[in-house]
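Structure first, then comments.
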Amino acid sequence: MYKIYPKTLFLGQIIQYLPSCQSTNDEASALIAQKDPAEGLLVITDNQTVGRGQRGNQWEAKSGQNLTFSLILKPSFLTASEQFWLNMAISMGVYDAFQPLLGEQLRIKWPNDVYVGNQKLGGILIENTLHGYGIAWSVAGIGLNVNQTDFTFPTATSLQLQAPLPNGYNLPGLLNRLCETLEQRYLHLRAGQRDALKKDYLDVLYRYHQEHTFEADGHSFPGTIVGVDDTGQLAIASQGQVRLFGFKEVSFK
Ligand code: BTN
C-alpha cells in the first residue's frame, strides 16, 4: 500500500495503488479515456508485468523492490512542439530527489535516462495526448531501480547497489520525496522558468562537453555534445560542424 502525505498542491494527492498490473502507463491512459482524472493522480504498482520502455523496449523490475509509477498531467501550457520541456522537468524532478543520495555521479542521459556513472538507474516514458496544437494529457511513466540488486543487463544498477543501506530503502518514503521534487519542477515550468530548467538539465547531462564516439546511420563518428535545442534534438559538434539529432537518430557507442 502507498499511504504517503507529500507536501504538494496536487501531485500525488490521489494515488491509485494496484498490487499488480501490466503497465502503469496503460492504466493511467485508461483512466484518461474513461473519465476526467484529476491532474497529479498517480498510478503505482508493486508488480508491473509488461512494463514498457522507450524504443519499444520492455522495462523489467522485480516485484516489490522498485518504484514503477505513472503521473497524469495536463500541461495545456505547452504546444505539441514543446513536449521536450516536460521531459526536462520530469528528468530534473527525479534528479532532485535522488541527488542527495547519490551525489555528483548522478546524471541524466539524453533524452531522459537516469544514470549513475555508466549504468542506468531509471527510465522515463512520457506519452502525450495531443489536442490540436496543444497537449491535452500527459502520462509520465517513471521506473526507478531501488532495492533490486541483480539484473539481467550489466548496464543496469540500483540505488541499493550504489548507496547501500543495511535494510534497503523505504519505497513510500522515496515516492513521497519524488512527488515534491517533481511538482516543484513542473510548477516552475508552468510559470515559464524555461531558461533555468534548460541550464539545470545541461549541467547534469551525461557526457556533456566530453569527446565521445556516437553512431548514426550505421556510421560511428567522434563528437561532443554541445547542447539540446528547444524541440529536444541533441546538438553534437563533430569535425568542425554542429549536427542535430532527433530521438532514435543517434546512439552512444
Ligand atoms: C526507458 O528507459 O526505456 C523508459 C522506462 C519507463 C518505465 C516506466 S515503469 C512505470 C511506467 N509504466 C511503464 O510501462 N513504463 C513506465
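First listed ligand is number 1; within each ligand, the first listed atom is number 1.
Atoms CZ and CG, from F69 and L182 in turn, are 6.0 Å apart once rounded to the nearest 0.5 Å. Atom CD1 of I72 sits about 4.5 Å away from atom CD1 of I32, to the nearest 0.5 Å. For the atom pair L174 CG and L159 CG, the distance stands at 6.0 Å (nearest 0.5 Å).
Remark: F245 pairs with F221 by the ring-ring contact (aromatic ring centres under 6.0 Å, His included) rule, at least two apart or across chains. Qualifying ring-ring contact (aromatic ring centres under 6.0 Å, His included) partners for F252, counting only residues two or more places apart in sequence or in other chains: Y206, F214.
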Scan the side chains in residues 121-132 for donor-acceptor partners under 3.5 Å anywhere in the protein, sequence neighbours excluded, and list what turns up.
from, atom 1, to, atom 2, distance (Å)
E127, OE1, N25, ND2, 2.9
E127, OE1, R52, NH2, 2.9
E127, OE2, R52, NH1, 2.8
E127, OE2, R52, NH2, 3.3
N128, OD1, S138, OG, 2.3
N128, ND2, Q83, OE1, 2.9

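Closer than 4.0 angstrom to ligand 1 sit non-hydrogen atoms from S23, T24, N25, Q48, G51, R52, G53, Q54, W59, T68, F69, S70, D113, K120, G123, I124, L125, G141, I142, G143.
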